[in-house]
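Notes follow the structure.
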Amino acid sequence: MNIRFYNSMTRAKEVFKPLSGKRVGMYTCGPTVYNFAHIGNFRAYVFEDLLRRTLEFFGYQVTQVMNLTDVDDKTIRGAKNAGIPLDEYTEPYKNAFFSDMAALRVERAEVYPAATDHIPEMIELIQTLLGKGVAYKSPDGSIYFSIDKFPDYGKLSKVDLDSQRAGERVKLDEYAKDSVADFALWKAWDEDDGDVFWESPWGKGRPGWHIECSAMSMKYLGETFDIHTGGIDNMFPHHEDEIAQSEAATGKTFVNYWLHCGYLVVNGEKMSKSLGNFFTLRDLRENGWRDREIRAALLSGHYRKMLDFSERLLEQTRSVLKSLDGLFDRLSRRVSSSSFDTPEGSLGDAVEGAGKVFAESIADDLNVAGAWAAVHALAKQANKALDSNEVSARDAELALDTFRKFDRILAVLDVPSGDGGANGVPGEVASLVERRSAARKAKDFASADAIRDELLALGWTVKDTPDGAVVTPTATSPPGK
RNA sequence: GGCGUGGUGGCCGAGAGGUUAGGCACUGGUCUGCAAAACCACGUACACCGGUUCGAAUCCGGUCCACGCCUCCA
């Protein structure tokens with residue numbers, strides 16, 4: 001099956017063709033580790049995970065590189081304010097980033113290069129650019145890229161620099177740069193940098209932000225690679241500058257497919273640290289939301305669209321997952337309790353149909369809504385078949401396997417493995433359930449209801465099914481909701 | 001000012017000239033001692049005004065509104 005992606009460079013959906021067979025090289029802009037990442041940041045990482053999992057689903061072997069920006073204005077300022085060395089300052093944020101990513105079930109990239117470990121590569125790239133005459137040294141010892149020497153500048157973001165309004169900031173740098181849009185490849189050391197600097201052929205200093213992505217992506221993926229992603233706010237100037245540096249240095253196309261995800265917004269406004277309208281994974285957990293609910297909420301809409309992240313969205317997501325959990329539970333019980341003698345094939349068509357819709361949707365520029373529709377279509381058919389007792393153990397296992405397959409991409413369904421049944425129910429709970437069943441049999445409904453309340457207090461919900469009582473852990477609700 | 005994105009039923013959210021997207025919630029029903037779950041039923045929705053067309057949420061022109069980038073930002 002052809003996979004199609006919307007390529008920001010051409011502004012059109014294109015059939016994806018990797019450079020070499022089934023191998024895909026992919027670079028994803030990572031975090032600047034000066035603080036905890038917020039949920040808006042994670043929207044991008046979850047989108048990239050969706051992309052990666054989709055490629056793997058279709059048999060591609062992905063080499064993903066995600067950088068860690070551990071030297072820039074913010075990290076330097078943070079370390080200085082804290083009175084500790086730069087690496088000591090960034091370390092906890094790196095760790096928090098990885099633990100949050102794992103919680104959101106983001107598959108690990110193959111390489112996580114840190115900027116501070118790749119200064120020599122950056123210096124080398126800058127020297128190449130100086131040698132080609134597309135970069136120049138300013139009086140203060142900084143090195144700038146000259147966008148006038150790169151005619152293609154603006155081809156990704158389609159900006160026309162001549163029509164850009166010069167910002168306030170420009171005044172500060174005017175004396176040092178030939179042109180306002182020129183950007184720093186190397187920043188000469190100044191007092192504010194403290195002891196953060198590296199030696200270079202142009203004196204001590206530190207790299208500019210954009211150069212790290214060019215140097216590290218090309219080091220690990222080659223001068224031309226398949227996919228580069230990031231949030232749409234990185235398109236200009238960051239990705240534009242990466243293209244300029246890389247292509248000016250190599251003379252080759254830097255990246256074949258550019259994919260950008262839309263913003264995560266709160267009440268219609270972009271979530272950002274400067275606006276103060278952000279929350280972290282920790283904040284959401286404190287409000288009672290589970291990691292998988294958060295991931296599912298992030299996967300509720302198309303990656304290129306704005307996503308309005310709200311309590312209501314999380315509530316809706318919780319409802320969806322809860323009802324699917326119920327189905328998986330029913331199917332698991334059927335696998336373990338039923339024999340293979342019920343009529344077969346009642347779910348075969350539904351499985352096939354859902355699988356087709358799922359694959360076609362996700363292959364079409366990661367249309368996750370279509371994929372969800374496939375999940376729901378199969379869920380409805382399975383529930384119906386279970387209601388009319390037409391599901392054999394084999395059918396149930398087939399359905400569960402299909403959901404597991406879908407979950408290789410979604411990673412939120414949590415389809416139980418193995419033979420399900422009553423495992424994980426504490427003895428105390430099990431005996432209460434038994435006593436309640438006995439009471440019901442004796443038509444002693446007052447006792448039965450009392451025991452049900454008792455179980456609820458212990459965190460277990462009872463459902464009476466034709467096959468007997470079933471207990472499941474009660475879903476917790478966020479406080480005050 | 002330049003460039004860009006978007007406005008779909010109470011809410012979320014696909015679609016992109018003709019065929020029910022899907023989900024959440026609500027309401028009614030089936031089932032049930034009750035409850036829960038599940039299933040069934042129920043919404044002619046596409047910002048506004050023109051135009052093209054046999055036919056437009058989808059194409060064209062205009063208008064309004066919202067958001068974003070142009071400064072670090074996923």
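Letters A, B, ... mirror the listed sequences (proteins, then strands); counts begin at 1.
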Quiz item: With side chains defined as the heavy atoms from C-beta onward, is the minimum distance between Phe98(A) and Tyr112(A) less than 4.5 Å?
Solution: yes

Practice problem: State whether Lys158(A) places a side-chain N or O below 4.0 Å from either non-bridging phosphate oxygen (OP1 or OP2) of C69(B). | Solution: no

Quiz item: When Watson-Crick pairs (N1 to N3 and N6-O4 or O6-N4) and G-U wobble pairs (N1-O2 and O6-N3) count only below 3.5 Å on both distances, what is the dot-bracket string of RNA chain B, with | for other-strand pairs?
Solution: (((((((..(((.....[...)))..((((.......)))).....(((((..]....))))))))))))....

Quiz prompt | ring-ring contact (aromatic ring centres under 6.0 Å, His included), paired with His210(A), selected from Phe183(A), Tyr144(A), Trp186(A) | solution = Phe183(A)

Quiz item: Which part of the nucleic acid, if any, lies within contact of Asp464(A), taking any heavy atom under 4.0 Å across all strands shown: a base, the sugar-phosphate backbone alone, or nothing?
Solution: base

Self-check item: Flag if over 12 foreign heavy atoms under 6.0 Å of NZ, Lys356(A)
Solution: no

Quiz prompt | Residue met sooner reading RNA chain B from 5', once Thr465(A) and Cys29(A) are mapped to nucleotides | solution = Thr465(A)

Quiz item: Between Arg11(A) and Gly231(A), who's closer to the 5' end of RNA chain B by nearest nucleotide?
Solution: Arg11(A)

Quiz item: For atom P, what is the distance between G6(B) and G13(B), given to the nearest Å?
Solution: 14 Å

Self-check item: Presence of salt bridge, Asp414(A) and Arg105(A), under 4.0 angstrom
Solution: yes

Self-check item: No-H, no-angle donor-acceptor pair, Asn367(A) side chain to G15(B) base, under 3.5 Å
Solution: no

Quiz prompt | Donor/acceptor link under 3.5 angstrom from Arg452(A) side chain onto base of C34(B) | solution = yes

Exercise. Check the angle between the aromatic planes of Phe42(A) and Tyr45(A) and answer parallel, tilted or perpendicular using the 30° and 60° thresholds.
Key: perpendicular

